[in-house]
Amino acid sequence: MGWFRFYFDDGRWEWSEQVQRLHGYEPGAVTPTTELVLSHKHPDDRDQVAGTIDAIMHTRGALSSRHRIVDTGGTVRWVVIGDQFFDGRGVAIGTHGFYVDVTPIRHSREDAITTRVGEIADKRAPIEQAKGMLMLVYDVDDNAAFELLSWLSQKNNVKLRVLAEQIGAALRTTATGAIVDRTIFDHALMSAADPRGS
């Protein structure tokens with residue numbers, strides 16, 4: 001996190017050392033200008049930020065925005081900034097605020113979502129495989145196959161994923177690589193759903 005100031009009358013920017021580093025510069029290596037500030041905005045956000053800067057020059061409002069910047073190394077970061085500041089007479093002379101890099105929060109949230117989606121996909125895989133078997137052997141569509149699995153799951157009080165794993169395991173031990181005869185599939189399907197076994 002770091003601070004910035006922008007003075008309305010002369011269009012002058014000040015960046016803290018942290019903000020300079022956030023943009024990829026060593027402290028004191030650059031003098032921030034509006035052009036430099038805009039050059040670091042993500043292409044999809046640049047016009048909106050440029051419009052905001054132009055508006056606050058006329059309205060003397062606050063530069064408060066959530067947008068992306070791109071540092072000198074090409075890393076995209078999300079930042080949140082801004083409020084007005086005043087002279088001793090209470091006249092707004094600029095806007096100041098903080099660059100807060102919220103990128104790690106976004107990444108951790110996205111990583112958590114990706115992990116959870118992966119877990120869901122892993123749990124769904126046996127169900128999708130069993131549905132595919134039903135669709136092939138009985139020549140039914142996706143919905144009918146799922147309804148049959150759901151009915152067997154509820155009838156026998158067996159979780160859908162567990163039921164699907166049982167059906168898959170039974171067929172793998174029976175099929176020996178050939179397309180399964182429907183009577184063999186019938187037996188595997190019914191014995192997997194029957195808590196008493198075959």
Side-chain angles (χ1 to χ4, degrees), residues 1-129 131-132 142 146 159-162 164-165 168:
M1 186 170 97
W3 58 264
F4 77 94
R5 285 192 191 97
F6 175 64
Y7 294 86
F8 297 135
D9 289 341
D10 57 4
R12 182 169 46 96
W13 291 87
E14 294 176 356
W15 281 354
S16 69
E17 290 184 2
Q18 294 88 346
V19 169
Q20 292 175 61
R21 286 193 178 98
L22 189 65
H23 285 81
Y25 300 108
E26 285 301 312
V30 295
T31 300
T33 63
T34 298
E35 292 75 25
L36 182 66
V37 168
L38 290 175
S39 75
H40 281 283
K41 302 309 175 195
H42 188 279
D44 293 342
D45 299 340
R46 188 174 296 135
D47 289 345
Q48 174 252 324
V49 175
T52 301
I53 291 172
D54 184 59
I56 66 170
M57 292 280 291
H58 298 96
T59 64
R60 296 187 171 249
L63 176 58
S64 184
S65 169
R66 182 182 179 119
H67 60 270
R68 292 162 289 183
I69 63 168
V70 182
D71 70 15
T72 57
T75 302
V76 176
R77 301 177 188 280
W78 284 85
V79 294
V80 181
I81 54 179
D83 199 3
Q84 295 169 302
F85 68 95
F86 304 89
D87 65 13
R89 298 167 293 149
V91 176
I93 60 169
T95 183
H96 66 157
F98 297 95
Y99 276 68
V100 181
D101 186 358
V102 295
T103 308
I105 296 168
R106 290 181 61 82
H107 283 318
S108 65
R109 188 178 304 138
E110 288 166 6
D111 290 346
I113 290 168
T114 300
T115 300
R116 185 68 183 124
V117 167
E119 290 169 359
I120 291 167
D122 289 345
K123 288 181 181 176
R124 294 263 332 152
I127 297 168
E128 294 302 318
Q129 290 172 355
K131 278 172 43 183
D142 182 84
F146 185 74
K159 288 190 176 187
L160 189 59
R161 182 179 52 82
V162 173
E165 288 171 347

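Since the model is a prediction, treat every value here as computed from it, not as a measurement. Residue numbers start at 1 and run along the sequence shown.
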Problem - Thr75: side-chain contact (heavy atoms from CB on, under 4.5 Å) partners, not counting sequence neighbours - result: Asp71, Arg77
Exercise for the section: Mind checking side-chain contact (heavy atoms from CB on, under 4.5 Å) for Phe85 and listing every partner two or more places apart, or none if nothing turns up? Expected result: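 Residues passing side-chain contact (heavy atoms from CB on, under 4.5 Å) with Phe85: Arg5, Tyr7, Ile93, His96.
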Pairwise side-chain contact, [X] with [Y], heavy-atom cut-off 4.5 Å (strictly under):
X      : Y      : result
Phe6   : Ile56  : yes
Tyr99  : Ile69  : yes
Leu160 : Phe146 : yes
Thr31  : Trp13  : no

Problem - Flag, side chain of Arg60 to backbone of Ala92, donor-acceptor distance under 3.5 Å - result: yes
Handout entry: Donor-acceptor contact below 3.5 Å, side chain Gln20 vs main chain Trp15
Key =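 Such a contact is found between Gln20 side chain and Trp15 backbone.
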Exercise for the section: Can you measure from CG (Asp54) to OG1 (Thr34) and round to the nearest 0.5 angstrom? Expected result: 10.0 Å
Practice task
Report the distance from atom CE of Met57 to atom OG1 of Thr52, rounding to the nearest 0.5 Å.
Solution key: 13.5 Å
Minimum-distance pair of heavy atoms, taken over all atoms of [X] and [Y]:
X     : Y     : answer
Val19 : Gly2  : CG2-C, 3.4 Å
Gly61 : Thr95 : O-CB, 4.0 Å
Lys41 : Arg46 : O-NH2, 2.9 Å
Phe98 : Phe4  : N-CE2, 3.9 Å

Practice task
Scan residues 21-38 for pairs that pass salt bridge (Lys or Arg N to Asp or Glu O under 4.0 Å), counting only residues two or more places apart or in two chains.
Solution key: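 Listed by first then second residue: Glu17-Arg21.
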Exercise for the section: Enumerate the residue pairs fulfilling salt bridge (Lys or Arg N to Asp or Glu O under 4.0 Å) with a member in residues 86-100, sequence neighbours excluded, ordered by first and then second residue. Expected result: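 Of all non-adjacent pairs touching residues 86-100, those that pass salt bridge (Lys or Arg N to Asp or Glu O under 4.0 Å) are Asp87-Arg89.
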Exercise for the section: Applying ring pair (Phe, Tyr, Trp, His ring centres under 6.0 Å), name anything that partners Tyr25, two or more places apart in sequence or on another chain. Expected result: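 Only His40 meet the ring pair (Phe, Tyr, Trp, His ring centres under 6.0 Å) criterion with Tyr25.
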Exercise for the section: Using the test side-chain hydrogen bond (donor to acceptor under 3.5 Å, both in side chains), find all partners of Ser16 that sit at least two apart in sequence or belong to another chain. Expected result: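 Scan of Ser16 (side-chain hydrogen bond (donor to acceptor under 3.5 Å, both in side chains), adjacent residues dropped) gives Gln18.
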